[in-house]
Colleague: 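Below is one structure. I have some questions about it.
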2 protein chains.
Amino acid sequence: MPTPSMEDYIEQIYMLIEEKGYARVSDIAEALSVHPSSVTKMVQKLDKDEYLVYEKYRGFSLTTKGNKIGKRLVFRHDLLEQFLKIIGVKDENIYNDVEGIEHHLSWDSIERIVDLVQFFQEDETRIEALKEIQRQNEAD
Amino acid sequence: MPTPSMEDYIEQIYMLIEEKGYARVSDIAEALSVHPSSVTKMVQKLDKDEYLVYEKYRGFSLTTKGNKIGKRLVFRHDLLEQFLKIIGVKDENIYNDVEGIEHHLSWDSIERIVDLVQFFQEDETRIEALKEIQRQNEAD
DNA sequence: CCTAAAAGTTTACTATAGAAAAAAATTAGT
DNA sequence: ACTAATTTTTTTCTATAGTAAACTTTTAGG
């Protein structure tokens, strides 16, 4: 099992590869707001644990295992963003909150949140009713 | 700002004091599944940061600041348990998930979850509709 | 009231993860 | 193709939080 921090890296690497075809140390450092030296260290660990194949100075690519996990992590991340958006969390809080919680929810909870998102998406009046409650609660 | 780990201790100490009138090192160690030596160390840090007043070998009590924060942490914890329960997360996953995410949500998100819990509590048919979606999604 | 058990504390150690600075390899410009 | 700039890596250091074992203090039983 990857640690939360390892998940951050796998997720980010997966996204970079999806979007640009490759992932470089400096891109990851930039995206995660850490220093390149931290990235190198973690990439070496992810290689050891077989989430990716690392070649010093040359780059790396996800293994089948790493790719599969990356895909799920991105799915989970996107789902949680959607969820917080739907319930009305301010945009400026969404990224940090998702970043914080994504590594700590069981897949049971994730599946229940899938259902919940669907619940709101399949009937607009539900979102309206929630917004009405929010308006009332604001007045305190 | 307390770290997640500090929050765990403050929350636990608050609950113990509420329920038994005092909190001992060994109770906290037991509740948080850590060793007594870890508790002592953290208690000393919480004293330094003025969340509690620590007297070696004698015990400790929350400061006004610590008490206020403890109350909010317990509220937040209980709210998240309620939320996961309502959306149908299995009991055996709820504690760990809450333990994991509680330290990572902005108060904005917490307030939106308050609204969401109210949304489901004030109209049983909404929970029913959600459960219906869950039944459909199970069939895959 | 004194000693054994229980509770709490200290010290020295572990692991994770990140940073800073120096060193090495790669790449780009001429 | 060579040198300069960029990128990556290594090494040494930091902080947090936990453990183990030795130690001290408190408390409870006789």
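Naming convention: chains lettered A, B, ... in sequence-line order (proteins, then strands); numbering from 1 in each chain.
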Colleague: Can you tell me the distance, in whole Å, between the CD1 atom of B:I28 and the P atom of D:dA17?
Modeller: 15 Å

Colleague: Specify the separation, in whole Å, of atom CE of B:M6 and atom P of D:dA15.
Modeller: 15 Å

Colleague: Taking NZ, NE, NH1 and NH2 as the nitrogens, is one of them in B:D91 or B:K85 under 4.0 Å from a carboxylate oxygen of the other?
Modeller: yes

Colleague: Are the side chain of A:D49 and the backbone of A:Y51 linked by a donor-acceptor contact shorter than 3.5 Å?
Modeller: no

Colleague: With a 4.0 Å cut-off, would you call A:E132 and A:R135 a salt bridge?
Modeller: yes

Colleague: Take the protein atom CG of B:D49 and the nucleotide atom C1' of D:dT16, then report the distance between them rounded to whole Å.
Modeller: 13 Å

Colleague: Determine the sole option in A:E122, A:E124, A:E128 for which the salt bridge (Lys or Arg N to Asp or Glu O under 4.0 Å) test with A:R126 is passed.
Modeller: A:E122

Colleague: Could you give the CG-to-C1' distance, from B:D47 to C:dG8, as a whole number of Å?
Modeller: 15 Å

Colleague: Generate the contact string for nucleotides 5-12 of chain D. Rules: B means base contact, S means sugar-phosphate contact only, - means no protein heavy atom under 4.0 Å.
Modeller: ---BBB--

Colleague: Specify the residue among A:P4 and B:A23 whose closest nucleotide of DNA chain C lies further upstream toward the 5′ end.
Modeller: B:A23

Colleague: Which whole-number value in Å describes the distance from B:D8 CG to D:dT16 C1'?
Modeller: 14 Å

Colleague: Is it the case that atom NZ in A:K65 sees more than 12 heavy atoms from other parts of the structure closer than 6.0 Å?
Modeller: yes

